[in-house]
Each structure stands twice: as structure tokens, then as C-alpha cells.
**Q** 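The following block contains the structure, expressed as C-alpha cells.
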Amino acid sequence: MNFSLNEDQKMIRQMARDFATKELEPKAAEIDASGEFPHDSIKKMAELGLLVMVIPEQYGGAGFDFVSLAIAVEEISRGCGSTGVITAVHNSLASWPIANWGTDAQKQQYLPKMATGEMLGAFGLTEPNCGSDPASMETKAVLDGDHYVLNGAKRFITNGGVADVFIVFAVTDPAAGSKGISAFIVEKTHPGFSVGKHEELLGLRATANCELIFEDCKVPKENLLGGLNQGFKVAMGTLDVSRIDIGAQAVGIAQAAFDKALAYSQERKQFGKAICEFEMIQEKLALMATSIEAARLLVYSAAAQKDAGKKRFSKESAMCKLFAATTAVEVTKEAVQIYGGYGYTKDYPVERYFRDAKCMEIYEGTSEIQKIVIARSLLG
Ligand code: CAA
């Protein structure tokens with residue numbers, strides 16, 4: 001495998017890093033406190049082509065590869081964890097399944113508007129009674145003439161409160177388990193759709209994480225995505241892609257925490273010298289830097305295998321998400337420790353990184369689910 005970035009990838013890294021440093025990082029604490037969705041930043045990201053990075057240019061996308069998308073999500077997350085997942089969800093959980101499974105009419109209808117930010121996307125799989133086990137979902141869709149009628153609810157939906165278009169999964173054949181689920185493209189204007197409770201999250205607080213409610217919601221039958229009863233495969237195939245970006249998000253948050261902790265350890269003096277001169281701090285810094293680098297390589301490797309055309313990369317994507325999530329939690333925890341009492345206050349950003357990092361082990365499949373995916377792949 002070639003580990004060096006090409007010129008496009010280097011350019012994207014620099015562009016996303018500059019944007020995150022100038023635009024996102026200065027606002028991150030404020031939107032974490034207020035929970036306000038960063039509409040202005042998302043608009044600017046659309047202008048930079050960061051909203052539909054892997055979508056073909058004929059549909060208004062940037063036509064970049066999956067390594068580039070991972071790099072962009074990593075850099076954006078380094079500036080602001082909330083904006084990192086907003087970007088990841090719009091790119092890989094919402095736009096990409098339309099690009100991959102959509103009909104030409106669906107692609108024409110949605111992708112150009114998702115590229116400009118006119119339509120923001122979200123992904124509705126999780127429900128109040130089903131998280132790790134989506135095959136047990138309760139939301140139902142019944143064909144009635146020209147429409148499917150959806151009834152049910154989705155919970156913990158990133159971008160849920162502000163999105164215009166949703167990839168929604170519902171049972172279309174109740175007797176068939178995971179083979180009786182279909183995917184739909186639902187618009188917020190479809191009658192019977194509404195947004196429910198806004199979640200007060202521990203971290204990633206500016207992500208408009210909301211419940212979605214479907215009460216006799218009428219969705220045109222041409223908005224079925226990927227074929228009748230093919231929804232479980234659409235969901236799993238999409239998560240294989242998007243888990244790489246959550247790995248990238250975890251790397252970005254961990255890198256931000258490390259950068260701050262490294263600088264602080266060189267400034268903070270105790271016992272007459274900078275704390276970085278103590279070997280116990282040096283050990284922390286060495287282990288933090290090593291695991292971040294290892295996580296980054298796993299993320300790039302998974303993305304590169306997708307780019308190389310590997311058909312099934314569930315194991316690689318689960319491995320990078322699992323390892324990067326563990327790394328993010330451990331590195332941000334150690335960053336708080338290096339800051340000591342100050343790290344436990346809101347005067348410094350490391351407590352926010354710590355809160356943001358925890359979600360990496362929970363959403364888009366818990367770490368326990370990633371271990372199941374990896375073990376099943378190993379056992380064949
Ligand atoms: N690609 C294609 N097909 C797949 C697949 C994949 N990655 N994974 C499974 N399938 C297929 C299987 O091959 C099988 O089909 P066949 O019988 O034809 O072979 C079918 O799907 C059922 O597969 P399983 O029997 O393995 O399904 P399962 O019910 O045991 O579940 C699981 C497997 C891995 C545990 C899965 O349920 C899972 O990933 N759970 C976690 C869900 C998750 O990540 N939720 C997060 C929601 S998104 C989010 O967090 C919101 C947000 O806003 C950020």
C-alpha cells in the first residue's frame with residue numbers, strides 16, 4: 001500500500017485545516033455551550049465543496065476519493081467535533097447512499113441541492129427501541145397507490161432538527177426480518193413528517209440531534225431507495241462507508257486534544273520545571289502520539305481499500321472505527337489529566353474534546369458492535 005498522499009489529498013488537507021483553524025475552532029466552545037447548529041459554517045463548507053466530496057461531478061459533487069473525505073472529516077473535527085459529524089453524516093450517510101443506490105432521477109433530484117447545501121441530509125435508522133439491532137425496527141411502510149405510508153419514530157438523529165432530506169428505513173415485510181426492510185428518501189415537507197424531541201447531549205452538542213416522527217407520512221413510491229426489501233443491505237453498506245469517517249472524526253478530536261496537551265505541558269511549570277520534563281508526562285505524550293498515528297493509518301487504509309474497489313470492507317471499516325474511538329477516548333482523557341485541575345474546567349477545550357470523544361464509542365455502531373463485525377468477518 002502507498003502511504004503517501006497525492007497532490008489532491010494534500011490540497012484538501014491544507015484547505016480543510018485552514019478552514020477549521022480560522023472558521024470552526026474559534027466558534028466551537030460557543031456552539032457547544034449554546035447547542036446552536038452552525039448554519040453559517042455549513043454554508044461556507046458548501047462553497048468549498050466539502051459537503052459532497054465523493055459524489056460524481058455530474059451531480060454537482062466534488063468527485064474526490066474516500067481518503068480525501070476522511071482527511072477532510074479529520075481536519076474539520078480537529079477544529080470542531082460537532083461540525084465534523086454534521087459533515088460526515090451529510091457526505092457519507094445521506095448523499096453517498098443516494099449516489100450509490102439511487103436511480104438517475106433520484107440523483108438528479110437530490111444530489112445537486114445537497115452539494116450546494118440547499119438540502120442538508122440525515123440518516124434515520126435508530127429507533128427508541130432499536131439501536132444495535134436495527135433488524136428489530138418498528139417503523140412500518142405500507143404501499144397505498146402512488147405513495148408509501150410511513151408510521152413510527154426514529155431517535156438520536158444527527159442533523160435531524162435541521163435536515164431537509166432523510167434516508168429512512170422502515171419495515172415493508174414484517175415476516176421477513178432483516179430481509180423485509182426498505183430504504184426511503186423522505187423530505188421534511190412530506191405530509192405526516194415532523195421533528196420531535198431535541199436531545200441534550202453530553203458532547204457534540206451543536207448537531208441538531210432530534211427525534212423524527214412519521215404519522216401516516218406520505219412518501220412518493222418513486223422515493224424507494226435501492227429496491228423493495230433491500231433496505232438492510234443499504235443500511236449496512238452505508239455504515240461500512242460512514243464508519244470510516246467516524247474513525248476520521250475520532251482521529252481529528254484526538255489530535256486536537258494532543259496538540260493542546262503537548263503545548264500546555266511545555267508551558268506549565270511545577271517543581272521548578274516544565275511538566276513535559278517529567279517522564280510520567282513524557283510517557284503519556286509518547287503513547288498518545290503513537291496511538292493517534294496508528295488510528296490515522298487504519299482510517300486511511302480502510303478508505304484506500306474502498307477507493308481501490310474492494311467490494312466488502314466491513315472488517316476494515318469496523319477496525320478503524322473501533323481503534324480510533326478507543327484512541328479518542330483515551331487521548332482526550334489523558335489530555336484532561338495533563339491539564340490537571342484546569343482540564344476539568346470550561347476555561348480550556350480539553351473537557352469538550354473528552355465529552356465529544358465518548359460518542360465515537362457509541363454512534364454508528366457501538367464498539368461492541370464493531371467487535372462483532374470484526375469477529376464475524378474473521379470467522380467467515
Ligand atoms: N454489507 C452488505 N450486506 C450486509 C452487511 C454489509 N456490511 N452486513 C450484513 N449484511 C447482510 C448479510 O449478509 C445478511 O444477508 P444474507 O442473509 O443475504 O447473507 C443480512 O444483511 C443480515 O445480516 P446479519 O445476519 O449479519 O444481521 P444482524 O441482524 O445479525 O446484524 C450487525 C448485524 C452488524 C450487528 C448490525 O445489526 C449492526 O451493524 N448493528 C449496529 C447498527 C448501527 O450501527 N446503528 C447506528 C445507526 S446510525 C447513527 O448512529 C445515527 C447518526 O445520526 C450518526
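As the structure lists them, so they are numbered: ligands from 1, and atoms in each ligand from 1. A quick note: this is a predicted structure, and the numbers were derived from the prediction, not measured. Residues take their numbers from the sequence shown, with the count starting at 1.
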**Q** Please indicate whether any nitrogen or oxygen in K233 is less than 3.5 Å from any nitrogen or oxygen in ligand 1.
**A** yes
**Q** In Å and rounded to the nearest 0.5 Å, what is the NZ to CD1 distance from K233 to I181?
**A** 12.0 Å
**Q** Give the contacting part of T366 toward ligand 1: side chain, backbone, both or neither, where contact means a heavy-atom distance below 4.0 Å.
**A** neither
**Q** So, is R312 polar-close to ligand 1, with some N/O to N/O distance under 3.5 Å?
**A** yes
**Q** Considering the heavy atoms of Y363, write down every atom of ligand 1 situated less than 4.0 Å from one of them.
**A** 50 (O)
**Q** May I ask you to list the atoms of ligand 1 that are less than 4.0 angstrom from any heavy atom of S178?
**A** 22 (C)
**Q** Look up atom 12 (C) of ligand 1 and tell me if a protein heavy atom lies less than 4.0 Å from it?
**A** no
**Q** Just which atoms of ligand 1 are under 4.0 Å from any heavy atom in G131?
**A** 42 (C), 45 (N)
**Q** Run down the list K321, Q230, R376, E368 and name the one with the heavy atom closest to atom 30 (O) of ligand 1.
**A** R376
**Q** Do the two ring centres, one from F123 and one from F166, sit under 6.0 Å apart?
**A** no
**Q** So between Q370, M236, R243, whose heavy atom ends up nearest atom 36 (C) of ligand 1?
**A** M236
**Q** Would you compute the distance between atom CD1 of I281 and atom OG of S265 and round it to the nearest 0.5 angstrom?
**A** 7.0 Å
**Q** Is the closest basic N to carboxylate O distance between E23 and K27 below 4.0 Å?
**A** yes
**Q** Hey, which atoms in ligand 1 end up nearer than 4.0 Å to a heavy atom of P134?
**A** 37 (O), 40 (N), 42 (C)
**Q** Do D18 and T21 pair up side chain to side chain, a donor and an acceptor below 3.5 Å, judged on atom types alone?
**A** no
**Q** Over all heavy atoms of both residues, which pair between V331 and M288 is shortest? Give the atoms and the distance, please.
**A** O-CE, 3.5 Å
**Q** Any N or O on A135 sitting closer than 3.5 Å to an N or O of ligand 1?
**A** no
**Q** Protein heavy atom under 4.0 angstrom of atom 32 (C) of ligand 1, is there one?
**A** no
**Q** Roughly how far, to the nearest 0.5 Å, is CG of L298 from OG of S291?
**A** 11.5 Å
**Q** How close does the nearest protein non-hydrogen atom get to atom 20 (C) of ligand 1, and which residue and atom is it?
**A** F232 CD2, 3.9 Å
**Q** Protein heavy-atom contact under 4.0 Å for atom 50 (O) of ligand 1?
**A** yes
**Q** If I take atom CG from residue D356 and atom NZ from residue K358, how far apart are they, to the nearest 0.5 angstrom?
**A** 13.5 Å
**Q** Could you tell me, atom by atom, which parts of ligand 1 come under 4.0 Å of a heavy atom of K179?
**A** 15 (O), 16 (P), 17 (O), 18 (O)
**Q** Of the non-hydrogen atoms in K321 and I246, which two are nearest, and what is the gap between them?
**A** CE-CG2, 3.7 Å
**Q** Decide whether the shortest distance between a heavy atom of A88 and an atom of ligand 1 is less than 4.0 Å.
**A** no
**Q** Could you tell me whether K113 and D164 have a side-chain N and a carboxylate O separated by less than 4.0 Å?
**A** no
**Q** Below 4.0 angstrom from a heavy atom of D240, which ligand 1 atoms are there? Numbered from 1 as shown, please.
**A** 1 (N), 6 (C), 7 (N)
**Q** Rounded to the nearest 0.5 Å, what separates atom CG in N129 from atom OG1 in T139?
**A** 10.0 Å
**Q** Looking only at heavy atoms, which two atoms of Y110 and I98 are closest? And how far apart?
**A** CB-CD1, 4.0 Å
**Q** What's the shortest distance from atom 41 (C) of ligand 1 to any protein heavy atom, and which residue and atom give it?
**A** S132 O, 3.4 Å
**Q** Do other residues, nucleotides or ligands put more than 12 heavy atoms under 6.0 Å from Q266 CD?
**A** yes
**Q** How many angstroms lie between CG in L120 and NZ in K43, if you round to the nearest 0.5 Å?
**A** 14.0 Å
**Q** If you measure every N or O of S314 against every N or O of ligand 1, does any of those distances drop under 3.5 Å?
**A** yes
**Q** Need the ligand 1 atom indices (1-based, order shown) with element for anything under 4.0 Å from a heavy-atom of V373.
**A** 34 (C)
**Q** List every atom of ligand 1 that sits less than 4.0 Å from any heavy atom of T126, numbering the atoms from 1 in the order shown and giving each element.
**A** 47 (C)
**Q** Determine if the distance from atom 43 (C) of ligand 1 to the closest protein heavy atom is below 4.0 Å.
**A** yes
**Q** Considering L204, I369, T158 one by one, which has a heavy atom nearer to atom 54 (C) of ligand 1 than any of the others?
**A** T158
